[in-house]
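Each ligand, and each atom within it, is numbered from 1 in the order the structure gives. We count residues from 1, following the sequence as given. Hydrogens, waters and symmetry mates play no part in the numbers below; they use all other heavy atoms, side chains included.
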Amino acid sequence: MTDLAEFIAGLPKAELHLHIEGSLEPELMFRLAERNGITLPYRDVEELRAAYDFTRLQDFLDIYYKGADVLRTRADFHDLAAAYFARAARDGVVHAELMFDPQTHTDRGVPFEEVIEGLLSAMAQAEAEFGITSQLIMSFLRHLPEEAAFETLAMAQPWLDRIEAVGLDSSEVGHPPVKFAQVFAAARDKGLRITAHAGEEGPPEYVYQALDLLKVDRIDHGNRALEDPVLTQRLVDEEVTLTVCPLSNLKLCVIDDIARHPIDRMLQAGLKATINSDDPAYFGGYIADNYRAVVDARGLTRGDLVTIARNSFTGAFLPDAEIAAHLARIDAYVANAE
Ligand code: HPA
Ligand code: ZN
C-alpha cells in the first residue's frame, strides 16, 4: 500500500466534483469568523469537528450552509480557494473544476461579484504557483424554486465567459431534475456545459431526468443508477462520466461501509467513474485520501487507478487537445513508475 499511496499522490489527476464551500476547514472557519466579527456557535475547532456526524445528506447541508456564513468578502473567497489549491497540489491535482453555490451567499447579502472575483483571483494564483488549471461550475440550489435559479443565471451574465458549466446540488429527494428543466435549457443556450447531482440519495428516475431533461454532460455521484441495469448500460453506452465521492458516500450513509463501495463494480460494468472529494473539510479527506480509501477497501489495482485518472480527464470540460496532453502525461508517469 505504501507503494500504491505514493503512486496515487504522484498520479496526475483532475478533480471534477468539489464544492469549494465544502473545502472550508474548521481552522479557516474560525479565522474568517474572527476577521469578520462573527461569533460561531462552537467553542473551538474540536467542538465544531465533533458536530460533523451525519446520517444523511440533509444533516450535512444544515451545517454546511451555516459554516458558509463566515464567507463575506472577496478576500474570504480567495483565501478559501487558495487553501484548497495548496492542498490539491500535494495530491497530484493538475486540473480542478470547482463548484460554487452563489445562492448560499447572495441570499445573505454577499454580492455575486465578491464571490466570483475572490475565486477567480485564487484560480489565477493557483495556475501561476502550482500549474493547476481550473474552471468554475455554478451550481443551483435545488431546494429553492427554479425562478431563483433564473435570477442567479441573470446575475452571472457579466461573468459567463469565466463560468464553464452549471450544476445542481443541495437536497436531492423531493427536488427532481424536472423542476429545473427550463433554466438548464437557458444555460445550454448560453453555451454552458451541464452537470447535476443525481442518484446520490435520489432514485434512478432522477438520473434518467438529468440525462433526458437537463441533457447533462456528466452525472455527479450516480451511485443509485446501479439499481437499474438498463440505466447502467445506457450510461456505459453513452460514455457518461460519473463523479464518484467515496468518503462522502460513507459520511452521508449512501453506503454503510467503505468495504461495500461500488467503485470497482462501476469500473467492471464499463462506467466512466472518477474519484473526487466532494466536501473534503467535512468528509474526512481530500482527493488522494479518497483514492486510498477505495484501494484499501476494494483492492483496486494500479491499472484501475490509471483508468480512474484517465476518466477524470476524458470527463473534464476541457478542449480535446488539453485532454490529450493530460492523458499523455499519465502515460509518461506510468511508464516512469514501472
Ligand atoms: N450533495 C448535494 N449537495 C451538496 C453536496 C452533496 O454531496 N455537497 C454540497 N452540496
Ligand atoms: Zn457534491
Is it the case that [X] and [Y] place a side-chain donor and acceptor less than 3.5 Å from each other?
X	Y	result
Glu117	Trp159	yes
Thr307	Asp304	no
Thr243	Asn276	no
Glu322	His95	no
Ser170	Tyr65	yes
Tyr52	Asp279	no

[X] near ligand 1 by a heavy-atom separation under 4.0 Å:
X	result
His221	yes
Ser170	yes
Leu61	yes

Decide, yes or no, whether a salt bridge links Arg72 with Asp69 under the criterion of side-chain N to carboxylate O below 4.0 Å. yes
Taking N, O or S atoms only and a limit of 2.8 Å, check whether [X] reaches the Zn ion (ligand 2).
X	answer
Asp278	yes
His17	yes
Cys245	no

Out of Leu16, Asp169, Ile137, which one pairs with Thr195 under the side chain to side chain contact (heavy atoms under 4.5 Å, CB included) rule? Ile137
Any N/O pair Asp279/ligand 1 closer than 3.5 Å: yes
Geometric N/O contact His19 with ligand 1, under 3.5 angstrom: yes
Which option, His17, Glu201, Glu200, owns the non-hydrogen atom nearest atom 1 (N) of ligand 1? Glu200
With a heavy-atom distance limit of 4.0 Å, tell me whether Leu57 approaches ligand 1 through its side chain, its backbone, both, or neither. side chain
Atom name, His19 (N, O or S, nearest to the Zn ion (ligand 2)): NE2
Near Asp278, which atoms of ligand 1 are under 4.0 Å from a heavy atom of that residue? 6 (C), 7 (O), 8 (N)
